[in-house]
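Start at 1 with the first residue, then count along the sequence. Keep in mind the model is a prediction, meaning the values are calculated, not measured.
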Amino acid sequence: MDTPLSTIAVVGLGTMGTGIAEVLALAGREVIGIDISEAAALGAVASLETSTARAVTRGRITEEERAAALARFRTADTLQAAADAELVVEVVPESYEIKQQVFRELDGIVSPTTILATGTNALSVTRLAAESQRPERVLGLHFFNPAPAMKLVEVVSSVLTAPPAVEAVTRLARELGKEPVAVGDRPGFVADGLLFGYLNQAAAMYEANYASREDIDAAMKLGCGLPMGPLALLDLIGIDTARTVLEAMYAESHDRLHAPAPILGQLGSAGLTGRKAGRGFYTYDAPGGQDVVSDALTPAAGAEAGAGREVASVGVAGSGTMASGIAEVFAKAGYTVVLAARSQEKADTAKGRIAKSLERSVSKGRLSAEARDETLGRITAAGSLDAFAEVDLAVEAVAEDLEIKQQLFAALDKVCRPGAVLATTTSSLPVVAVARATARPEDVIGMHFFNPAPAMKLVEVVRTVLTADDVHATVRAVCAKIRKHPVDCGDRAGFIVNALLFPYLNNAIKMVEEHYASLDDIDAAMKLGGGYPMGPFELLDVVGLDVSLAIEKVLHREFRDPGLAPAPLLEHLVAAGCLGRKTGRGFREYARR
């Protein structure tokens with residue numbers, strides 16, 4: 001059953017259908033675009049004309065190739081036009097009733113050898129196939145938006161799908177220049193199955209007033225390198241669409257993490273479905289617009305909460321990579337820095353690490369030799385916290401252990417002058433528990449830098465219920481001076497980034513445990529379909545599986561949600577000493593250096 005798939009019908013000429021039609025036409029296929037709306041059909045033609053003209057201008061195709069592609073695309077308003085198609089791809093609204101009607105009609109129109117593909121990302125392919133007269137020829141073909149740009153295509157098989165149909169569609173995807181990933185039939189498949197759980201948690205975080213929409217989005221973009229923040233992405237996808245996907249996921253998993261956040265239903269019921277409506281989590285310049293405009297929730301420009309304390313000198317406690325990176329950041333910004341470790345030797349080693357980092361910046365032309373010398377000259381290495389006696393801000397960057405941090409802050413309480421701000425860089429421990437180790441908890445705040453500190457722009461500013469307003473204002477002002485982007489959040493496990501990132505990573509591990517998809521397919525799906533800089537298993541191995549497990553345990557302990565329980569596979573790998581790149585083996589094996 002070798003089907004050439006040279007004539008293809010696309011049913012539904014919305015944004016996705018039009019994008020798929022463009023990809024097919026440019027790849028030399030005869031394409032029949034079918035939509036009952038004349039306006040949609042005309043819009044698809046205009047869209048292809050515009051996008052292909054842009055491609056000619058940018059040198060991606062020739063004028064002759066453009067003309068040929070446009071000639072291969074025609075539109076129709078009835079499914080009868082699909083009679084000669086070897087493949088039909090439906091991208092009509094996410095409704096069983098609508099999709100089943102399309103499939104029933106197609107059964108009586110197309111050839112017995114025609115493959116019927118659904119573009120759903122939320123509904124059961126098996127259920128759609130079972131009601132067709134040709135279940136062995138029905139499968140899922142899930143493109144990502146915008147289809148011309150996104151490389152990932154998920155090829156979804158049901159238990160009824162014949163392998164030759166899968167092979168034919170997979171071959172087509174490769175010929176289109178896409179990266180096909182074979183997956184089974186479950187709501188969301190791989191990419192959306194992981195993505196929508198994360199988006200749902202971000203919506204719930206915002207709904208709980210834990211952080212502003214701007215801070216949640218900035219945190220995930222700057223802290224994880226994502227192309228869009230989760231709330232802006234929900235607006236792009238469509239809040240109603242996201243809720244439909246989550247409802248389908250929850251119906252199968254019964255995992256509370258997939259139960260749609262109430263705010264999604266509230267916004268959808270109000271017609272505030274995102275960009276297409278002109279308003280969702282954000283407000284846009286027009287329905288379908290891309291530009292965010294100010295609304296009642298937009299922070300006032302330059303608005304800061306009161307005056308802060310004067311900071312001229314900074315103490316950094318610790319001798320590891322994070323401590324030396326933070327010290328480098330402050331020294332580059334003009335602060336006098338004391339870098340204190342448990343011994344003079346460790347402190348000198350940490351300063352030496354800074355010197356090497358600065359030298360690399362000079363060799364790459366990012367820093368002048370004069371600036372290097374001035375920066376290094378601002379740093380004093382000390383073998384005792386006694387050197388912090390006159391600092392205005394003390395920042396600890398020691399081991400992620402509550403007892404160790406409490407002992408350190410008890411020592412800082414005795415050494416640092418009255419009025420000095422004391423900051424912890426913890427990523428998972430309660431800041432208030434550290435603050436209570438001092439007699440001045442109002443002076444203590446969380447200042448969570450990301451590694452490597454000189455490169456990463458994000459700082460999570462974590463207030464406890466005891467933190468003074470002027471301490472918060474001080475740290476915000478300091479972040480501006482060291483050219484970091486501060487986001488405000490409360491004192492709860494994971495803050496913003498880790499609270500959203502690690503459940504997503506944990507769910508990826510569960511997919512592997514359930515034999516739903518391979519490590520490579522999941523990593524490829526999230527990089528190609530979600531725009532992630534690293535796949536989840538690449539990231540887990542870089543972060544360290546022991547570190548990841550510790551954070552997962554903290555999240556599970558605080559929120560008591562069964563869905564946050566660490567995946568057993570993660571616990572088994574850590575118990576076996578497979579901790580990621582640092583041990584040469586984690587989810588993958590690495591060459592030892």
Side-chain angles (χ1 to χ4, degrees), residues 194 198 201 219-220 222-226 317-326 395-406 408 424-431 433-434 446-453 455-456 458-460 462 489 492-510 512-513 519 522-523 526 532-559 564-590 592-593:
L194 293 176
Y198 150 71
Q201 289 173 273
M220 298 312 294
L222 298 174
C224 296
L226 301 181
S319 58
T321 303
M322 183 59 82
S324 57
I326 293 170
V395 181
E396 70 78 13
V398 299
E400 191 72 350
D401 180 288
L402 183 57
E403 186 176 347
I404 292 173
K405 290 186 187 291
Q406 287 174 326
L408 178 68
T424 172
T425 61
T426 182
S427 63
S428 60
L429 301 174
V431 177
V434 176
M447 200 173 180
H448 180 212
F449 287 81
F450 286 73
N451 198 25
M456 298 294 281
L458 181 67
V459 174
E460 289 178 319
V462 188
C489 48
R492 73 180 201 188
F495 311 135
I496 296 175
V497 173
N498 286 346
L500 295 179
L501 174 65
F502 280 89
Y504 148 77
L505 296 174
N506 201 42
N507 284 336
I509 300 170
K510 291 177 184 177
V512 170
E513 282 182 335
L519 301 178
I522 293 172
D523 275 354
M526 297 316 297
Y532 282 59
M534 300 177 77
F537 297 101
E538 290 177 281
L539 182 57
L540 282 159
D541 279 353
V542 168
V543 170
L545 272 56
D546 52 340
V547 174
S548 301
L549 178 59
I551 294 173
E552 290 287 358
K553 285 181 174 179
V554 168
L555 292 172
H556 185 225
R557 188 164 57 244
E558 174 142 332
F559 296 108
L564 294 175
L569 177 57
L570 178 62
E571 295 186 296
H572 294 162
L573 287 169
V574 172
C578 302
L579 308 183
R581 285 185 177 272
K582 60 189 173 186
T583 61
R585 183 178 176 189
F587 284 98
R588 295 184 174 90
E589 291 191 21
Y590 302 89
R592 292 185 179 275
R593 295 180 180 179

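The distance from atom CG of Leu564 to atom CZ of Phe502, rounded to the nearest 0.5 Å, is 12.5 Å. Separation of atoms CD1 (Ile509) and NE2 (His572) is listed at 12.0 Å; rounding is to 0.5 Å. Going from atom CG of Leu429 over to atom CD of Glu400 covers 4.0 Å, rounded to the nearest 0.5 Å. Taken to the nearest 0.5 Å, the CG atom of Leu500 stands 11.0 Å off from the CG atom of Leu505.
Counting heavy atoms from C-beta on, the side chains of Arg588 and Phe537 come closer than 4.5 Å. Counting heavy atoms from C-beta outward, Lys553 and Glu571 have side chains that approach closer than 4.5 Å. Proximity of Val434 to Thr426: side-chain heavy atoms (C-beta onward) are nowhere separated by under 4.5 Å. Put simply, the side chain of Thr321 does not reach to within 4.5 Å of the side chain of Pro452, judged on heavy atoms. Side-chain contact between Met526 and Leu194 is present, with at least one heavy-atom pair separated by less than 4.5 Å. Met447 has its side chain within reach of Val459: a pair of non-hydrogen atoms, C-beta onward, lies under 4.5 Å apart. Phe587 has its side chain within reach of Leu569: a pair of non-hydrogen atoms, C-beta onward, lies under 4.5 Å apart. Counting heavy atoms from C-beta outward, Asn498 and Ser428 have side chains that stay 4.5 Å or more apart.
Looking at Glu396, its side chain never comes within 3.5 Å of a backbone N or O of Leu408 through a donor-acceptor pair. In this structure, Asn506 contributes its side chain and Ala565 its backbone to a donor-acceptor pair below 3.5 Å.
Shown here for Phe495 and Cys489, the closest heavy-atom pair between the two residues is CB-SG, 3.8 Å. Here the closest heavy-atom approach between residue Gly223 and residue Met456 is recorded as O-CE, 3.6 Å. Summarising the geometry of Met322 relative to Ala453, their closest heavy-atom pair is SD-CB, 4.1 Å, with the distance given to 0.1 Å. The heavy-atom pair separating Ala323 from Ser319 by the smallest distance is CB-N, 3.9 Å. For the residue pair Ala493 and Val554, the shortest heavy atom distance occurs at CB-CG1, 3.6 Å. A pairwise comparison of heavy atoms in Pro533 and Cys224 identifies CG-O, 3.3 Å as the closest pair.
Heavy atoms from other residues, nucleotides or ligands lying under 6.0 Å from CZ of Arg585 number 12 at most.
With sequence neighbours excluded, the residues satisfying ring-ring contact (aromatic ring centres under 6.0 Å, His included) with Phe450 are His448. Glu460 meets the salt bridge (charged side-chain N to carboxylate O under 4.0 Å, His left out) test with no other residue; sequence neighbours excluded. For the salt bridge (charged side-chain N to carboxylate O under 4.0 Å, His left out) test, no residue two or more places apart in sequence or in another chain qualifies with Lys510.
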Could you pull out all donor-acceptor pairs under 3.5 Å where a side-chain atom in residues 542-551 meets a protein atom, sequence neighbours excluded?
residue	atom	partner	partner atom	Å
Asp546	OD1	Lys582	NZ	2.8
Asp546	OD2	Lys582	NZ	3.1
Ser548	OG	Gly544	O	2.9

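Pairs of residues two or more places apart, or lying in two chains, that qualify as side chain to side chain donor-acceptor pair (under 3.5 Å) and include a residue from residues 534-543 are Lys527-Glu538, Asp541-Tyr590. Among residue pairs with one or both ends in residues 539-559, none qualify as ring pair (Phe, Tyr, Trp, His ring centres under 6.0 Å); sequence neighbours excluded.
Using cut-offs of 30° and 60° for the angle between ring planes, the Tyr198 and Tyr504 rings count as tilted.
Of the candidates Asp523, Val512, Asn507, Pro536 forms a side-chain contact (heavy atoms from CB on, under 4.5 Å) with just one, namely Asp523.
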